[in-house]
Every structure is written in structure tokens, then in C-alpha cells.
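Heads up: the structure comes next, in C-alpha cells.
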Amino acid sequence: MMIRFKPVFSHTIWGGTKLRTDWGFNETGDDIGECWTIAAHPHGDVSVSGGKYDGMHLSELWAEHRELFGNTEGDRFPLLIKIITASDDLSIQVHPDDDYAKKNENGSLGKTECWYIVDCEKDSKLVIGHNARTKAELEEMIDEGRWTEFIREIPVKKGDFINIVPGTVHAIKGGITVLESQQNSDITYRVYDYDRMQNGLPRELHIDKSKDVITVPALSVDKSVISEDGLSGVKKLLSCKYFDVFRINVDGEETFSEKRPFLLASVIEGNGEADGEKIKKGDAFMLPSGYDKLSFKGRMKIIISSLPA
């Protein structure tokens, strides 16, 4: 039994129209930045679309039908899946870990996340990491606004996969679309925002908290970026303490078989079928506990996110 969801959207200073024009979502506005496809967070709680649980929010499903999630323990649904389409650069930012967030953000989870680059322009770059060698140098660069020296930009291409652990300075740049798998958290500390104004005021920065949590020195690029092999079939992209992420390239028929408490699937390219149900780009659905094997037909690319084995 596949459980489909009705997404929620975020309108942002750096958003655009691609989520409507390229993905087919029925959302108005020229500033659509994020589509939260599977989320149970106070800032975005998706609802079930169709079937036995139609209309229930994911947070309600988690609270009242824990059997669907393999009776996984926890006071909140653990994961959050979103599509981000940037028409302008996002702020330079960093996320805290669980301990720091629990202490400083009213019991929130920290934010470990990862991005699969669905699409980008030629010669695209991301901000991943920084160039400060010591904590003192980091603070000096930030205080003096030496952003060109501080920020580390790296070239990226469609199909690259970016692992972003807490403490990593990062930013998506304009023209890039990603599918993000992350902990169920919305805690972001802005280090720098290009002096942009919103409603006549500069956007809030979080300089002190950023200094607290930024890892120095930054992780090497090869610890953050995995390049797509482009082959058909199933490839595990990441396994960490919070989630596993798989990429499935379907070219005709493909089977995915993993025993997990539940599976979260995102179709990011093409269309076809999953166990006889039609699916297309932009669809997101959950396979509840006991649904350990899935057969795909068609031409499409799918990202599966799950709790670790």
C-alpha cells in the first residue's frame, strides 16, 4: 500500500517558478523556493492524498498509526524530504548538531542533510566549506567581512550528491535544483546574505551561533561530494546514523529490495509505474512497514530515503 502526500511550499527571496513550470505543481507565485514533499514539521506538515488515510497530516499518521512506521520510537517523525529550486543564491549558512540544537533551540533536532543535484546550469558551483585554518582566523574573516577569502566554492554537475554534516558552511547557488533528504529540523544559521533586504530590512544573521558550530578546518571536498556513475539500477549514495539514501535509475524494469521500518520515495525524473501504480516526476510517497520490495517499470530516476538498517 503506497501512501502518497500533498506537499507544502515555501515562498522565498531566492525562489522562482520552476516548481510550477518544470515540476507541474499547482502553486502560484514567482518566488516558490521549496516544495516539502514528505514532512511532519510545525513549519510544514504534509497531508495524505487518497486512500484509507486521506487528509490526515503526516504528524497525525506518526502519532496514531505507528505500526505503519515499523513501531519506530521517537517523539517526532525523523526525516524531511524537499525539493529546492533556486533562481538566486541562497544565504551562506550552517546547521547545528543535535546537542547544540537541543540546548539552544528549544529541544529541536540538529540538521544533517544531503543534496542530490537534479539539475543545474553549465559551470555551476556550490558553496561547500570554508578556507579558514583556525577558529581565530574564522572569526577574523567573518568579523571583517572577508567573504571572498572565507567561502569555498566547488564546481558541481547534474547527478552529484552532496553530504552536509552539521558544522559545514554551505549554500545552493542560483540555477540549481536539488532533492534534499535531512533530519526533521528547520534550524539554519545565516552567516552571510549578500546584504540583501527583505521588506526594507536586512535579513537576520546568526553570527555568534554560526561561530559556535562551524567546523574548523572544514571537511575536505572529497568527504562531501559523490559523483553519479550514471548506470542503471540501484546505487547506495549515503549511509549515516540518521538515514540511508539510494538512487534508482529505471530503464525498462528495476527492483528495489530493502528491509526497513518504512521507505520514502521521490520521483525526480521521468515517469512509469511502481507495483502497477502510475508515478511521475514530482511524486513522493511512503512505503509503510512490511513493504520491503518494489518493482518499477518505465524511464525514470528515483531517490529512496530511509532510516538506517
Exercise. Under the ring-ring contact (aromatic ring centres under 6.0 Å, His included) rule, what do F77 and F69 come out as? Steps first, then yes or no, please.
Key: CA-CA 9 Å; F77 185 70; F69 307 90; 5.8 Å; yes
Self-check item: Donor-acceptor pair between E113 and W115 side chains, under 3.5 angstrom
Solution: yes
Quiz prompt | Ion pair K158/D119, N-O distance below 4.0 Å | solution = no
Self-check item: Test item: side-chain donor near acceptor, D186 and H41, under 3.5 Å
Solution: no
Practice problem: Could you check if a side-chain atom of M56 sits within less than 4.5 angstrom of a side-chain atom of E64, using non-hydrogen atoms only? | Solution: yes
Quiz item: Does a donor on one side chain sit under 3.5 Å from an acceptor on the other, for E137 and N131?
Solution: no
Self-check item: Side chain D275, main chain S295, donor-acceptor under 3.5 Å
Solution: yes
Quiz item: Are K209 and K211 side-chain neighbours, meaning at least one heavy-atom pair lies under 4.5 Å?
Solution: no
Quiz prompt | Residues K278 and D283 bridged, charged N to O under 4.0 Å | solution = no
Quiz item: Is the backbone N or O of S185 less than 3.5 Å from a side-chain atom of Q182, with the two atoms forming a donor-acceptor pair by type?
Solution: yes
Quiz item: Checking N249 side chain against L231 main chain: does a donor-acceptor pair fall under 3.5 Å?
Solution: yes
Practice problem: Indicate yes or no for a side-chain donor-acceptor contact from R190 to the backbone of E204 under 3.5 Å, with no hydrogens or angles considered. | Solution: yes
Quiz item: Is there a donor-acceptor contact under 3.5 Å from the side chain of R20 to the main chain of E27?
Solution: yes
Quiz item: Are V191 and I214 side-chain neighbours, meaning at least one heavy-atom pair lies under 4.5 Å?
Solution: yes
Quiz item: Are S306 and D244 close enough that a side-chain donor and a side-chain acceptor fall under 3.5 Å?
Solution: no
Quiz item: Is T168 reaching over with its side chain to a backbone N or O of I164, donor-acceptor style, under 3.5 angstrom?
Solution: no
Quiz item: Can you find a side-chain donor-acceptor pair between W36 and E34 that sits under 3.5 Å?
Solution: yes
Self-check item: Distance flag, aromatic centroids of H65 and Y53, threshold under 6.0 Å
Solution: yes
Self-check item: Cation over ring face, R66 and W62, 6.0 Å, 45°
Solution: yes
Quiz item: Can Q183 and D98 be said to form a side chain to side chain donor-acceptor pair (under 3.5 Å), step by step?
Solution: CA-CA 10 Å; Q183 286 179 269; D98 286 344; 3.0 Å; yes
Quiz item: Do side-chain atoms of T215 reach the backbone of A218 as a donor and acceptor pair under 3.5 angstrom?
Solution: no
Quiz item: Taking the six-membered ring where the residue is Trp, are the ring centres of F296 and F256 under 6.0 Å apart?
Solution: no
Practice problem: May I have the step-by-step check of ring-ring contact (aromatic ring centres under 6.0 Å, His included) for F5 and F285, ending in yes or no? | Solution: CA-CA 6 Å; F5 298 103; F285 52 92; 9.2 Å; no
Quiz item: Does L80 share a hydrophobic cluster with Y242, counting links as ILVMFWY side-chain heavy atoms below 4.5 Å and allowing steps through other members?
Solution: yes
Exercise. Measure from NZ or CZ of K281 to the centre of the six-membered ring of W23, then state whether that distance is under 6.0 Å and the direction lies within 45° of the axis.
Key: yes
